[in-house]
Q: 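Before I ask anything, let me first share the structure, which is written out below as structure tokens.
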Amino acid sequence: MDESIKQILARESAGGAVLIRGWLRTARHSKNVSFLEVTDGSGFAGLQAVASPDLAEYEETVRKLATGCAVEVEGELVESQGKGQKYEIHASRVELVGGVGDDYPLQKKRHSLEFLRTLGHLRSRSNTIGAVLRVRNATSRAIHDFFQQRDFLYLHSPIITLSDAEGAGEMFRVSTLDAKNPPRDEDGNVDFAQDFFGSEAHLTVSGQLEAEIAAHSHSKVYTFGPTFRSENSNTARHLAEFWMVEPEVAFCDLAGLAELAETFLKSVFRDVLEACPDDFAFFDQRISPGIVSNLETIIESDFVQLPYTEAISILEASGRDFEFPVRWGIDLQSEHERFLAEEHVKRPVVVTDYPAEIKAFYMYMNEDGKTVRALDVLVPGVGEIIGGSQREHRHDVLLQRIRDLGLPEDEYWWYLDLRRHGSVPHAGFGLGFERVVQFITGVANIRDISPFPRVPGNAAF
RNA sequence: UCCCCGGUAGCUCAGCUGGUAGAGCAGGCGGCUGUUAACCGCCUUGUCGUAGGUUCAAGUCCUACCCGGGGAGCCA
């Protein structure tokens, strides 16, 4: 394989022959010399190739090169005479591998992210999306590193599931039945017993329940995979297909989970900043000024922990005229979360111990009988990036809760059975991968974080 | 899904109380002694989102729909 441009730029010294292949970010021609800035995606910075009219192919090839052309350049790596880069290539050969039409839509100038979204096949060549993809990659690695270093098992939870485990959201149906003429039972309903899996199947909305199974054998596990919600959400923070990270830890309570969440986020932020300094310089300059120092502050300071009841008191005492009135028992609305994270503490805030009524059935009931051991991590700008809880591991308490809520007891038989055999206190959280990348890059819309975003009405690329 | 705003050249936008479309960038041609999202000169580019309607006349006013943005709900 060729040495990447990133590797070449990291060399200790100039000198020696180099060969690069990539795409032109810009081509600047003047009478006696042409400058070609070549990128191969390995890093934010491109490598400048300098071509003189002495080259045999100068008039025919070099002079005609423009933004977007695919090229191969051979030459010597030299110290740059100009400012702005350490090294450049003194070209001895420039080959046009693939030209561009004069309708090539990407310019050297800034494009709107909305326009780039219509060019899903080309936008990864732009500065912003290119940087996002590198940071996304680095974030993914940092997440695996964090868990692997701590002996967490990477569990591949299923993508196709039979039950809507926690009512987490609308689900996409998976079926091989003839949609136009499905088999019917005697009542006239679609007979899913004849479907591929012998019953109704959907794309997963969460790997949590499977992670709980694995936590009861391997103690510390995490999932990291695609998740699907068919809700008609049209916001800058929702995708119909997104990646979720779900650690699940046996012998862990809510306090242990809060500590894990904080350590985890800080570790990921630190690793990603270190892995992509050029990309962050770009985000800091062009996308979200101050993002780097903001992340550094978060890494160095403690998260604020706030029990729900206390959060309500703070909101009530704020004197704000919220659209949704504040009282104990309400679910926190966007405006409340924003106030807490962006104005009150100005950093990530961990809200804990929510009223049971507004949380899922599987969360551990506190001694007060009113609140459950749940936890949300709220960050400025994005809102909730982590939601988790200590799970109810007491069989009788869980069974009563399922019955109280009128949930289908038989569908949860194995989930309940897990509480009958070697049940232990355990806790876990879910983290929206794209939301984390959104937060650390400062990119406003989650559709620019996913390389191929799926949203209501659009899965074009 | 709801509320608000928008859709004009390849892109980013201007276009007043209705009178028949424009600037920068991109692109083409030429120039320039090493440039940095280079620079200088000249040139080209339009179903004004779609379909109806009002009017002597619609980019401009009205209606519906489509798409995009901001906010909300739901959530990660």
Side-chain angles (χ1 to χ4, degrees), chain A residues 24-37 39 45-53 63-64 66-68 78 80-85 88 90 100-119 122 126-128 166-170 205-208 226-246 282 285-286 322-324 331-335 337-338 358-360 376-379 382-388 429-439 444-447 449 455-458 460:
Chain A
L24 290 183
R25 185 176 281 167
T26 71
R28 295 181 288 273
H29 307 288
S30 62
K31 191 175 186 182
N32 294 321
V33 68
S34 285
F35 298 96
L36 311 173
E37 189 183 351
T39 62
L47 183 52
Q48 174 168 283
V50 184
S52 88
R63 195 78 198 181
K64 293 174 181 169
T67 300
V78 298
S80 179
Q81 293 173 33
K83 291 176 182 171
Q85 60 279 319
E88 62 193 21
H90 183 69
V100 292
D102 60 12
D103 57 347
Y104 182 65
L106 296 184
Q107 304 172 14
K108 299 174 231 186
K109 296 282 183 186
R110 185 187 161 276
H111 286 293
S112 68
L113 292 169
E114 293 80 17
F115 172 65
L116 290 174
R117 258 173 244 151
T118 67
L119 300 169
L122 297 173
S126 69
N127 284 340
T128 305
E166 49 164 322
E170 295 296 309
V205 293
S206 166
Q208 179 197 319
T227 307
F228 308 87
R229 307 270 169 95
S230 66
E231 289 185 343
N232 191 12
S233 294
N234 292 291
T235 80
R237 293 181 290 279
H238 288 84
L239 292 167
E241 175 180 315
F242 63 101
W243 283 57
M244 192 147 68
V245 179
E246 294 172 291
F282 171 78
Q285 193 189 345
R286 304 267 178 153
F322 292 112
E323 188 190 342
F324 295 87
D331 203 356
L332 297 181
Q333 304 294 315
S334 282
E335 56 177 344
E337 296 185 347
R338 292 186 99 99
I358 60 172
K359 288 293 183 183
D376 282 358
V377 179
L378 313 175
V379 296
V382 176
E384 181 183 342
I385 56 172
I386 282 181
F429 63 73
L431 158 122
F433 178 64
E434 282 80 4
R435 285 195 184 168
V436 172
V437 179
Q438 190 181 5
F439 176 67
N445 196 311
I446 201 165
R447 297 170 193 209
I449 298 298
V455 295
N458 197 343

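Nothing here was measured: the structure is a model prediction, and the numbers come from that model. Order of the sequence lines sets the chain letters (A, B, ...), proteins ahead of strands, with each chain counted from 1.
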Q: Of the nucleotides B:G73, B:G69, B:U36, which has the atom closest to the A:Lys83 side chain?
A: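 Given the options B:G73, B:G69, B:U36, the side chain of A:Lys83 is closest to B:U36.
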Q: Determine the stems involving RNA chain B; a stem requires 3 or more consecutive pairs of the Watson-Crick or G-U wobble kind, each with both distances below 3.5 Å, and the answer is none if no such run exists.
A: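 So far as stems of 3 or more pairs are concerned, RNA chain B shows B:1-7 with B:66-72, B:10-13 with B:22-25, B:27-31 with B:39-43, B:49-53 with B:61-65.
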Q: Quick check: any donor-acceptor pair below 3.5 Å linking the side-chain of A:His238 to the base of B:C74?
A: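 Check passes, donor-acceptor contact within cut-off.
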Q: Looking only at heavy atoms, what is the nearest atom pair of A:Pro105 and A:Leu122, with distance?
A: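 Minimum heavy-atom separation between A:Pro105 and A:Leu122: CG-CD1, 3.6 Å.
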Q: For A:Phe282, which residues count as a ring pair (Phe, Tyr, Trp, His ring centres under 6.0 Å) partner, sequence neighbours excluded?
A: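 With neighbours one apart ignored, the set is A:Phe44.
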Q: For the pair made of CG in A:Asp376 and P in B:C75, what is the distance, rounded to whole Å?
A: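 Computing the A:Asp376:CG to B:C75:P distance gives 10 Å.
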Q: Nearest whole angstrom, please: distance from the C1' of B:C74 to the CZ of A:Phe228.
A: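 Atom-to-atom, A:Phe228 to B:C74, this comes out as 19 Å.
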Q: Given B:C32, B:G34, B:C75, which nucleotide is nearest the side-chain atoms of A:Arg63?
A: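 For the A:Arg63 side chain, the nearest candidate turns out to be B:C32.
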Q: Which nucleotide sits closest to the side chain of A:Phe35: B:U35, B:C32, B:A72?
A: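 Per side-chain heavy atoms of A:Phe35, the pick is B:U35.
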Q: In whole Å, I'd like the distance from the CZ atom of A:Phe433 to the P atom of B:C75.
A: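 About 23 Å, once rounded to whole Å.
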Q: Check every strand shown and say whether A:Thr235 touches a base, only sugar-phosphate, or nothing at a heavy-atom separation below 4.0 Å.
A: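 Here A:Thr235 touches the bases of the nucleic acid.
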Q: Does A:Ser30 make a side-chain N or O approach to OP1 or OP2 of B:U33 shorter than 4.0 Å?
A: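 Checking A:Ser30 against B:U33: no side-chain N or O falls below 4.0 Å of OP1 or OP2.
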Q: Once side-chain contact (heavy atoms from CB on, under 4.5 Å) is applied, do any residues pair with A:Glu335, and if so which ones, sequence neighbours excluded?
A: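 By the side-chain contact (heavy atoms from CB on, under 4.5 Å) rule, A:Glu335 matches A:Phe322, A:Glu323, A:Phe324, A:Gln333.
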Q: Tell me what A:Ser334 touches on the nucleic acid: a base, only sugar-phosphate, or nothing, going by heavy atoms under 4.0 Å.
A: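 Since only primed, P, OP1 and OP2 atoms lie under 4.0 Å of A:Ser334, the category is sugar-phosphate.
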Q: Just to confirm, is there a sub-4.0 Å distance from OP1 or OP2 of B:U35 to any side-chain nitrogen or oxygen of A:Arg28?
A: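 No, because none of the side-chain N or O atoms of A:Arg28 sits under 4.0 Å from OP1 or OP2 of B:U35.
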Q: Indicate yes or no for a side-chain donor-acceptor contact from A:Arg63 to the backbone of A:His29 under 3.5 Å, with no hydrogens or angles considered.
A: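 Absent.
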Q: Would you mind telling me which residue lines up with the more 5' stretch of RNA chain B, A:Gln333 or A:Ile385, judged by nearest nucleotide?
A: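 So the residue in question is A:Gln333.
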Q: Checking only heavy atoms, does the side chain of A:Ser233 share a donor-acceptor pair with the base of B:C74 at less than 3.5 Å?
A: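 Answer is yes: a donor-acceptor pair is held.
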Q: As a test of reading the structure: which of B:C75, B:C32, B:G68 is closest to the side chain of A:Asn458, going by heavy atoms?
A: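 Nucleotide nearest to A:Asn458's side chain: B:G68.
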Q: A:Ser80 side chain: which of B:U35, B:G73, B:A72 is closest?
A: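 Looking only at side-chain atoms, A:Ser80 lies closest to B:U35.
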Q: Roughly, in whole Å, what's the span from CD1 in A:Ile358 to P in B:G73?
A: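 One finds 13 Å between P of B:G73 and CD1 of A:Ile358, rounded.
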Q: Listed by chain and number, what are the side-chain contact (heavy atoms from CB on, under 4.5 Å) partners of A:Pro456, not counting sequence neighbours?
A: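 Residues passing side-chain contact (heavy atoms from CB on, under 4.5 Å) with A:Pro456: A:Asn232, A:Asn234.
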Q: Return whichever of A:Asn232 or A:Arg447 has its heavy-atom-nearest nucleotide of RNA chain B closer to the 5' end.
A: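 The residue closer to the strand's 5' end, by nearest nucleotide, is A:Asn232.
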Q: B:A26 and B:U12: how far apart are their P atoms, nearest whole angstrom?
A: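 Roughly 15 Å separates the two P atoms.
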Q: Is A:Ser230 reaching over with its side chain to a backbone N or O of A:Glu170, donor-acceptor style, under 3.5 angstrom?
A: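 Yes.
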Q: Regarding A:Thr26, tell me which of base, sugar-phosphate or nothing describes its non-hydrogen contacts under 4.0 Å with the strands shown.
A: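 The residue A:Thr26 makes sugar-phosphate contact but no base contact.
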Q: Is it the case that the side chain of A:Thr67 and the backbone of A:Arg25 share a donor-acceptor pair, with hydrogens and angles ignored and the cut-off at 3.5 Å?
A: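 Indeed, once roles are kept as given, a pair shorter than 3.5 Å links the two residues.
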Q: Expressed in angstrom and rounded to an integer, what is the separation of A:His90 atom NE2 from B:U35 atom P?
A: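 Rounding to the nearest Å, NE2 of A:His90 and P of B:U35 are 17 Å apart.
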Q: Donor-acceptor pair, distance only, cut-off 3.5 Å: does the side chain of A:Glu434 make one with the backbone of A:Trp243?
A: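 It does hold such a pair.
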Q: Within the structure shown, what part of the strands sits under 4.0 Å from A:Arg286 by heavy-atom distance: base, sugar-phosphate, or nothing?
A: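 The residue A:Arg286 makes base contact.
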Q: Quick one: does A:Val50's side chain get under 4.5 Å of A:Phe35's, heavy atoms only?
A: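 With C-beta onward as the side chain, the pair touches.
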Q: Expressed as a whole number of Å, how far does the C1' atom of B:U1 sit from that of B:G15?
A: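 Comparing C1' positions in B:U1 and B:G15 gives a spacing of 36 Å.
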Q: For atom P, what is the distance between B:A58 and B:G18, given to the nearest Å?
A: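 Those two atoms are separated by 13 Å.
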Q: Could a donor-acceptor pair under 3.5 angstrom be found where the side chain of A:Gln85 meets the base of B:U35?
A: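 A donor-acceptor contact between them is present.
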Q: Enumerate the protein-to-nucleotides 2-10 of chain B contacts in which both atoms are nitrogen or oxygen and the separation is below 3.5 Å.
A:
| from | atom 1 | to | atom 2 | distance (Å) |
| --- | --- | --- | --- | --- |
| B:G10 | N2 | A:Gln107 | NE2 | 2.4 |

Q: May I ask you to say what A:His111 touches in the nucleic acid, namely base, sugar-phosphate or nothing, with a heavy-atom cut-off under 4.0 Å?
A: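 Answer is sugar-phosphate: A:His111 comes under 4.0 Å of backbone atoms only.
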Q: State which of B:C75, B:G34, B:G68 makes the closest approach to the side chain of A:Glu114.
A: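 Comparing B:C75, B:G34, B:G68 against the side chain of A:Glu114, the answer is B:G68.
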Q: So what does A:Asn32 hit on the nucleic acid, given a heavy-atom distance under 4.0 Å: a base, only sugar-phosphate, or nothing?
A: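 Sugar-phosphate, no base atom in range.
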Q: Does A:Glu37 reach a base, just sugar-phosphate, or nothing at all? Heavy atoms under 4.0 Å.
A: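 Nothing, no nucleic acid heavy atom in range.
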Q: Using atom P of each nucleotide, how far apart are B:C61 and B:A14 to the nearest Å?
A: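 The same atom, P, in both gives a distance of 14 Å.
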Q: Calculate the interatomic distance between A:Glu231 atom CD and B:G73 atom P; express it in whole Å.
A: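 After rounding, the gap between these two atoms is 13 Å.
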Q: How many Å lie between CG on A:Asn445 and C1' on B:G68, as a whole number?
A: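 Answer to the nearest Å: 11 Å.
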Q: Would you measure the distance from the C1' atom in B:U50 across to the matching atom in B:G68 and give it in whole Å?
A: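 The answer is 15 Å between these two C1' atoms.
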Q: Considering only the P atoms, how many Å lie between B:G49 and B:C16, rounded to the nearest integer?
A: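 My reading of the P atoms in B:G49 and B:C16 gives 14 Å.
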Q: Please tell me which of the listed nucleotides, B:G34, B:G68, B:G73, lies nearest to the side chain of A:Glu88?
A: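 Looking only at heavy atoms from C-beta outward on A:Glu88, the closest nucleotide is B:G34.
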Q: Say we look at B:A21 and B:C48: how far apart would their P atoms be, to the nearest angstrom?
A: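 After rounding to an integer number of Å, I get 11 Å for this pair.
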Q: Output all residues satisfying side-chain contact (heavy atoms from CB on, under 4.5 Å) with A:His238, sequence neighbours left out; order by chain, then residue number.
A: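 Checked A:His238 against side-chain contact (heavy atoms from CB on, under 4.5 Å); matches are A:Ser233, A:Thr235, A:Arg435.
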Q: Flag yes if more than 12 heavy atoms outside A:His90 fall under 6.0 Å of its NE2 atom; otherwise flag no.
A: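 No.
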Q: Round to a whole Å and report the spacing from CD of A:Glu384 to C1' of B:C74.
A: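 It works out to 11 Å between those atoms.
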Q: At less than 3.5 Å, do the side-chain atoms of A:Gln81 and the base atoms of B:G34 form a donor-acceptor pair?
A: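 Between B:G34 and A:Gln81, which were checked side chain against base, a qualifying N/O pair under 3.5 Å is present.
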Q: Using only atom types and a distance under 3.5 Å, with no angle test, would you say the side chain of A:Glu241 pairs donor to acceptor with the backbone of A:Thr227?
A: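 No, the answer is negative, given that no donor and acceptor are paired below the 3.5 Å cut-off.
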Q: If every non-hydrogen atom of A:Pro53 is compared with every non-hydrogen atom of A:Lys31, which pair is closest and at what distance?
A: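 Distance-wise, the nearest heavy atoms are CG-O, 3.9 Å.
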Q: Taking B:U44 as the reference, what is the distance to B:A23 when you measure between their C1' atoms (whole Å, please)?
A: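 Approximately 15 Å lies between the C1' atom of B:A23 and that of B:U44.
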Q: Name the nucleic acid region contacted by A:Glu335, choosing base, sugar-phosphate or nothing; use a 4.0 angstrom heavy-atom cut-off, strictly under.
A: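 Contact class for A:Glu335: none.
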Q: Within the structure shown, what part of the strands sits under 4.0 Å from A:Ile386 by heavy-atom distance: base, sugar-phosphate, or nothing?
A: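 Sugar-phosphate only.
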